[in-house]
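Step one of this worksheet: look at the structure below.
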Amino acid sequence: AQTVTQSQPEMSVQEAETVTLSCTYDTSESDYYLFWYKQPPSRQMILVIRQEAYKQQNATENRFSVNFQKAAKSFSLKISDSQLGDAAMYFCAYNLHYGGSQGNLIFGKGTKLSVKP
Amino acid sequence: NAGVTQTPKFQVLKTGQSMTLQCAQDMNHEYMSWYRQDPGMGLRLIHYSVGAGITDQGEVPNGYNVSRSTTEDFPLRLLSAAPSQTSVYFCASSYSISGVVSNQPQHFGDGTRLSIL
């Protein structure tokens, strides 16, 4: 069974600094997708970034980038120039590319990020 | 464009009562799913549907029923509520291309906070 592990329950960063959130996953599959979702206090689930496992190039979205290490099954999120609005719970998630359960997301337990002014 | 709409936003039930959580999307998405979010547990999949008339179980289906009579609606039923079902419930939907949903962004509703006394 696939699992997603986020080993940092809480993280803190100073405004304008850089922070990295860790995520590891376990799967025997070779073709899958990885995601980072942000959940602010409003409870909304917001997609931050997405990585396709067959692509070696790390995904980037403005201030957000990932370090995808397929062999190590690691998928960390780097937030540069942190802003107060980045404060939220961040979830790492995985789903298969093919198969009947392909749309089903498997989530980690989350990392709560605080941003200090 | 309403996206994914969940009703109600909050509900308090007594043990043994039944209720239906509503989920509707106006994006003509084939794939829909229900997750529950518990403190420290991330989101876990309850049930999902790949199209009208097709549903299947996720990781934690016990105590919940679903049906999908239309593309737009995917209600979640609690037949006999138990305190262990106290949680925040999220509905999500996603577009599919030639039956592939895994690479499509999932759209989440704002959640329903359910308390069972």
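Heavy atoms only: backbone and side chains are in, while hydrogens, waters and symmetry mates are out. Order of the sequence lines sets the chain letters (A, B, ...), proteins ahead of strands, with each chain counted from 1.
With hydrogens and angles left out, the side-chain atoms of B:Y31 and A:N104 include a donor and acceptor closer than 3.5 Å.
The environment of A:K109 atom NZ is sparse: at most 12 non-hydrogen atoms of other residues, nucleotides or ligands sit within 6.0 angstrom. No more than 12 heavy atoms of other residues, nucleotides or ligands sit less than 6.0 Å from atom NZ of A:K78.
For A:R43, the parts sitting under 4.5 Å from any heavy atom of chain B are the backbone and the side chain alike. Neither the backbone nor the side chain of A:Y32 has a heavy atom closer than 4.5 Å to any heavy atom of chain B. Interface remark: B:R113 contributes backbone and side-chain atoms alike to the contact with chain A (heavy atom separation under 4.5 Å). The contact between A:Q39 and chain B is made entirely by side chain atoms (from C-beta outward), counting heavy-atom distances below 4.5 Å. With a threshold of 4.5 angstrom between heavy atoms, B:L43 approaches chain A through its backbone and through its side chain.
Taking every heavy atom of both residues into account, B:Y35 and A:L105 meet most closely at OH-N, 2.9 Å.
Put simply, A:I79 and A:W36 are part of the same group of oily side chains (I, L, V, M, F, W, Y) that touch within less than 4.5 Å, one to the next. Cluster annotation: B:V66 and B:V50 are assigned to distinct hydrophobic clusters (Ile/Leu/Val/Met/Phe/Trp/Tyr, side-chain heavy-atom contacts under 4.5 Å, transitive). Residues A:F68 and A:V48 share a single hydrophobic cluster, defined by chaining ILVMFWY side chains whose heavy atoms lie under 4.5 Å apart. Side-chain heavy atoms closer than 4.5 Å link hydrophobic residues (I, L, V, M, F, W, Y) into clusters, and following such links, even through other members, never connects B:L45 to B:Y64. Follow the hydrophobic side-chain contacts under 4.5 Å out from A:V4 and you reach A:L21 in the same cluster.
Options A:R50, A:M89, A:Q6 differ in how many heavy-atom pairs under 4.5 Å they form with chain B, and the most are formed by A:R50. The residue among B:S94, B:P39, B:G109, B:G111 with the most heavy atom pairs within less than 4.5 Å of chain A is B:G111.
Applying a 4.5 Å heavy-atom cutoff, the residues of residues 70-93 of chain B that approach chain A are B:V88, B:F90.
Summarising the geometry, atom CZ belonging to A:F107 is positioned 8.5 Å from atom CD belonging to B:Q37; distances are rounded to the nearest 0.5 Å.
Applying the side chain to side chain donor-acceptor pair (under 3.5 Å) test to residues at least two apart or on different chains, the pairs with a partner in residues 49-59 of chain B are B:Y48-B:D56, B:S49-B:R68.
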